[in-house]
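The structure appears below as structure tokens.
Naming: A, B, ... by sequence-line order, numbering from 1 per chain.
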Amino acid sequence: MVRVVPDIPAVHRWFDYVVPDALDPEVRLGSRVRIDLHGRRVGGWVVEDRVTPPAGVTPRAVALSSGEGPPASVVDLAVWASWRWAGPVSSFLGTASPDRVVRRPAVPARPHPRTVTSPGGASVGLVATALDRGSSTVLRLAPALDANLPALELVHRVGPDGVLALAPSHARAVHLADRLRRAGAPVALLPDGWAAAAGGGRVVVGTRAAAWAPIGRMRAAVVLDAHDEAYREERSPTWSAVEVVAERCRRDGAPLVLVTPCPTVALLEGSALAVTDRTVERRGWPAVEVVDRTGDDPRTGLFSERLVTLLHSVLDRPEGRVVCILNRTGRARLLACAHCGAVARCTRCGGSVGQPEVGGELRCGRCGSGRPAICAECDSSRLKLLRMGVSRATEELSALVGVEAVEVSGGAPGTPEGVGARLVVGTEAALHRVGRADAVAFLDVDQHLLAPRFGAGEESLGLLARAARLVGGREAGGRLLVQTRIPDHEVLQAAVHGDPARLTDPERALRRELGLPPFGALALLRGAAAESYAGALRAVDTVSVSSPSADRWLVRADDHPRLCDALAATPRPSGRLRVEVDPTDV
DNA sequence: CGGACAAGCTGA
DNA sequence: CAGCTTGTCCGG
């Protein structure tokens, strides 16, 4: 008799089924099965073995086996994650399961077919220390240094079996898998290599979802660019791959190495910090030029003299290449009347309006309503631009330097536009799409620094680190230029000095003072049923509830156990309810 | 989630 | 009161 979690998000109950003799060899803890539930056949996972059903219940038989599922340790982990992120167990079991039916596990890779070679480099000694420590270590490695090396060194020291390596993007996971194979390690690359991973004896490599890899017992793990937001699932439940891996390593007593050029306060809390030599780290950041635009008229545009000089000096070289980052899509994002000076606003909701087409109508970015391009105050049809978007910036920049600029923003990754261009203008997406550059310029870095999120500073430094990787370190001649009205900002100082502690030290103090994560835990409630759920939570004395805006409720507690216990113990009202534990906004 | 069933509304 | 919609309940 087994207990089964149905693969239906809205059904939170577990049900008991008899395992028929014919299915007995295949069905075990973690297996995927099909069951008859309430008149229909649905998928599910075995989450308990040899159970005794409650009195008065006569279980039906398991209908079919759907093959391999996560190992027992990962089933336990899913139950923990369900508590930690207030989501259904089934969603985590789904992430932990193979895409296609796997009938039997792969044969384990033969133990140590070849010795994995040590890559050498600045991080070798630091990896050794981290492994000896046996717990979690943040390895701060400047952006121009190869983040794959600590992963190679780790496998060199502990071997491939039971080792998990995560990368923030599929491309980087593929690259890391190649490097490991060339170094002599057997590798299972997720998601395709699920069965191979379950077979054991291989380093398991993958992205966010690989945090749920079928490894029975972890021996060590490494996360590349552990600060990267890609490790957070944005859809509800909003779990974090770094925290999932950290929990697995904690449970199995395995060392965890979090490699990152710019640790976040949350990563540093609960981990030891290992740093390279100060001069090595400094050289691993490019030269950063901060252009102070405090005195400039807001309408002088996005292009300082220093920027134009930099563009010319790079573009005069035959292969020279510059990427300009502006975090606003569209052509014109903020307009004002040339006659009376009134800012053009939406007549319906009062939001700012932009002008998507040359000479076209005005459109509100907030409510989407459109109106003719005429000043609402004085009827003048002459509007001037206060803040331009990427499209307009691309046009103006081409004219300014006499080199054709190519716009690269969002869209499908890997599209070839802009890949060969020498002058690229785009949103931060361009940093993911362009391979190499001689210089990166942030046309308005304040947009990032002042974003209305408490993690905005850390995210901004992450962006600068990503740009740093495109241009290389100080020795390689890489250049970053940032235009700002806040030249003393900790984020910019951290980048200028190649010293992330200049951000994390004050940031930690601020978080502690305000009781923000990691010094306190938050959950954001939204949806039609959020109000009544928030009302029920007000009665729990370990949490406090506030409402930052009309349809959102924020639940605070001193730590995650208190927060998660309160969320789990409070019955959910029917109706739409989205619970986001550890929200980044507000 | 989606089927079952009850309550509520409508038109001949 | 059949025929339909809408809402609530519940699953082994």
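The shortest heavy-atom contact between A/Val4 and A/Val33 is CG1-CG2, 4.0 Å.
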(message) Is there a ring-ring contact (aromatic ring centres under 6.0 Å, His included) between A/Trp85 and A/Trp80? Walk through the geometry before answering.
(response) CA-CA 9 Å; A/Trp85 286 285; A/Trp80 168 81; 5.5 Å; yes

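Distances shown here put a side-chain N or O of A/Arg13 below 4.0 Å from the OP1 or OP2 atom of C/dG11.
Residue A/Ile35 contributes atom CD1, which lies 17 Å from atom P of B/dC1 at whole-angstrom precision. Atom CG in A/Leu37 sits about 6 Å away from atom P in C/dG12, given to the nearest Å. Taking atom CZ of residue A/Arg572 and atom P of nucleotide C/dT8, one finds them 19 Å apart after rounding to whole Å. In this structure, NE2 of A/His38 is placed 9 Å from P of C/dC10, rounded to the nearest angstrom. Rounded to an integer number of Å, the gap from A/Asp16 CG to C/dG11 C1' is 13 Å. Rounded to a whole Å, the CG atom of A/Asp36 is 14 Å from the C1' atom of B/dG3. Regarding A/Trp14, its CH2 atom lies at a distance of 19 Å from the C1' atom of C/dC10, rounded to whole Å. Protein atom CZ of A/Arg576 is 18 Å distant from nucleotide atom C1' of C/dG7, rounded to whole Å.
Within the 4.0 angstrom heavy-atom criterion, no nucleotide atom of any strand lies near A/Pro9. Across all strands shown, A/Arg40 has heavy atoms under 4.0 Å from base atoms, whether or not it also approaches the sugar-phosphate.
In this structure, A/Arg32 and A/Glu68 have side chains that are not in contact, with every pair of non-hydrogen atoms separated by 4.5 Å or more.
There is no side-chain donor-acceptor pair under 3.5 Å between A/Trp239 and A/Ser91.
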